[in-house]
Number of protein chains: 2
Amino acid sequence: MKQTKISEAVVKRLPLYLQVLNELHAREVQTVSSQELGVKLDLNPAQIRKDLAYFGEFGRKGVGYDVVYLIEKIRQILKVNQTIKVALIGAGNLGLALCNYNKYSKDNMQITAVFDNHPEKVGSSIGHLTVQPMSKLAESIKEHNIRVGIITVPAHEAQNVANELTNAGIEGILNFAPAILRVPEEIRIHYADFTKELLSLAYYLNHEGDENDESAMDTE
Amino acid sequence: MKQTKISEAVVKRLPLYLQVLNELHAREVQTVSSQELGVKLDLNPAQIRKDLAYFGEFGRKGVGYDVVYLIEKIRQILKVNQTIKVALIGAGNLGLALCNYNKYSKDNMQITAVFDNHPEKVGSSIGHLTVQPMSKLAESIKEHNIRVGIITVPAHEAQNVANELTNAGIEGILNFAPAILRVPEEIRIHYADFTKELLSLAYYLNHEGDENDESAMDTE
DNA sequence: TAGATTGTTAATCGATTAACAATC
DNA sequence: TAGATTGTTAATCGATTAACAATC
């Protein structure tokens, strides 16, 4: 086992491995090879072996990986078993959707508090949670040991919310608003902005065939 | 202007550039340098210049980039002006959120039809759209020239929906379900699965400090 | 002109892939 | 043993960054 610096690319793939392994487990598959995983995920088998080897020796030569054992190991690496408390800011449609989503999934993240600054939202119920005013944010985060904030407010309010989360001592942010946020570097920020995903998708739809089509360049 | 193969990494950054440029434009900034863009986006200025140079010469030496002109150029590259019709499959909370989102944004994608297979959903209204049964999918996609499908059904139904979209002749898919989908390679598929984003976020929260902590390595 | 900043080539860095000894 | 597949080193590939001539 070695423990050099793990690259972001590797960490991003771990949840993918976990997902496929869970599917295999559901189908009662006992063992899987890097080759098979590679086919399912469109990844090079050597890459998968290398990724896993950063964290330990989980396979058996000539055999492959035990599905249950590898699931357990990856869950340990991601520390999935330990539930992290999350505050959601922005009780709009998307916020509501995430809260509901949260109820059904046995995820490692649990939405523990919901905040919104619109008077008509404050006090309303989402599942068993009551929407609180933003003025309660810092207090609530400290009281309940909330470590992550999910931002689902409009883009122009996102930076303000990020600032308040920062001041309240949050450790990580998942931002759904289509805005780039400035936070201190000790705070981990991930983006879940599907508008950008749609834009890049549009690029590929409209440039379909460019790759084989050297002649079609529009040079002025 | 050259037009070699554009890498995915470059295409992913174009929407970021557009976003920052739009913000600058809103603040009536006329001109911006790659240096300034780099600070805002945490990117190397040389990278920004190189990315843009794949598509043309948009800047002026000694001056920088004209904000309005560059916005226009990037919009042309992404073909944002041309509206692409989208079908949404899965009229749950998330689907509803996306429909509503769609109403307000002047995006390049427009949700034109909504489908769901639950009898209690079919026939209900979302904005000015009526939820249709899945049996109408292929017909509707062809009739309205719908090019993209957004999948917001539960994970275990996602592959079926992807298959139906494929058969209906869709060109691109944005998948919100936490599932890896098999589609023919001519279909472009993008993932917007925030559960994976949360898992990798959890990794970093729990491994905070690993990087500066050479002594804590368990080497042989 | 002097200062700034682009577009682009060359150098560097890091990530992916190939190859293979070890071994189940 | 023969076949399969890991873990890991070395080779390759591609993306990022540095450097700088061109020029506004």
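Within every chain, numbering begins at 1; the chains are lettered A, B, ... in the order of the sequence lines, protein sequences first and strands thereafter. Not measured: the values here are computed from a predicted model. Every heavy atom of this structure was used, including side-chain atoms; hydrogens, water molecules and symmetry mates were not.
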Verify, without hydrogens or angle tests, whether Ser7(A) (side chain) and Lys5(A) (backbone) share a donor-acceptor contact under 3.5 angstrom.
no
Of Gly64(A) and Val10(B), the one whose closest DNA chain D nucleotide lies more 5'
Gly64(A)
Nearest whole Å is fine: how far is dT16(C) P from Glu8(B) CD?
13 Å
Rounded to whole Å, how long is the line connecting atom CD1 of Ile48(B) with atom C1' of dT5(C)?
13 Å
So what is the 5' to 3' dot-bracket string for DNA chain C, if pairs are Watson-Crick or G-U wobble with both distances under 3.5 Å, crossing pairs use [ ] and | means the partner sits on another strand?
..||||||||||||||||||||||
Got a second to check how far Ile77(B)'s CD1 is from Lys73(B)'s NZ, nearest 0.5 Å?
8.0 Å
Leu21(A) vs Ile74(A), side-chain contact (heavy atoms from CB on, under 4.5 Å): CA-CA, chis, key distance, verdict:
CA-CA 10 Å; Leu21(A) 289 164; Ile74(A) 295 180; 3.7 Å; yes
Applying the side chain to side chain contact (heavy atoms under 4.5 Å, CB included) criterion to Ile89(B), which one of Thr152(B), Leu137(B), Ile150(B), Ile173(B) satisfies it?
Leu137(B)
Is it the case that the side chain of Glu36(A) and the backbone of Ser33(A) share a donor-acceptor pair, with hydrogens and angles ignored and the cut-off at 3.5 Å?
yes
Using a cut-off of strictly less than 4.0 Å, decide whether Tyr65(B) has a side-chain nitrogen or oxygen near OP1 or OP2 of dG7(C).
yes
Can you measure Leu41(A) atom CG to dT16(C) atom P for me and round it to whole angstrom units?
14 Å
For atom CZ of Phe55(B) and atom P of dT8(C), their distance in whole Å:
14 Å
Classify every nucleotide of nucleotides 17-24 of chain D by which part a protein heavy atom approaches to under 4.0 Å, writing B for the base, S for the sugar-phosphate alone and - for neither, in 5'-to-3' order.
BBB--BBB
Nearest heavy-atom approach of Ala91(A) to Val114(A) is CB-CG1, 4.0 Å
Considering just the side-chain nitrogens and oxygens of Ser34(B), establish if one lies under 4.0 Å of OP1 or OP2 belonging to dT6(C).
yes
Please confirm whether the backbone N or O of Gly59(A) pairs with a side-chain atom of Tyr69(A), one donor and one acceptor, at under 3.5 Å?
no
Grab the CG-P distance between Asp42(A) and dT16(C) for me, whole Å please.
14 Å
Please check if the side chain of Gln19(A) supplies one atom and the backbone of Pro178(B) the other of a donor-acceptor pair under 3.5 Å.
yes
For residues 23-33 of chain B, which residues have at least one heavy atom under 4.0 Å from DNA chain C?
Ser33(B)
I need the CD-C1' distance between Glu57(B) and dT9(C), as an integer number of Å.
14 Å
In whole angstrom, give the distance that lies between atom OH of Tyr54(B) and atom C1' of dT9(C).
12 Å
Check: Arg27(B)/His25(B) side-chain N/O donor and acceptor closer than 3.5 Å:
no
Thr31(A) side chain vs Val29(A) backbone, donor-acceptor pair below 3.5 Å:
no
Could you tell me how far apart Ile6(B) (CD1) and dG14(D) (P) are, to the nearest whole angstrom?
15 Å
Judged by modelled atom types alone, do Glu164(B) and Asn160(B) share a side-chain donor-acceptor pair under 3.5 Å?
no
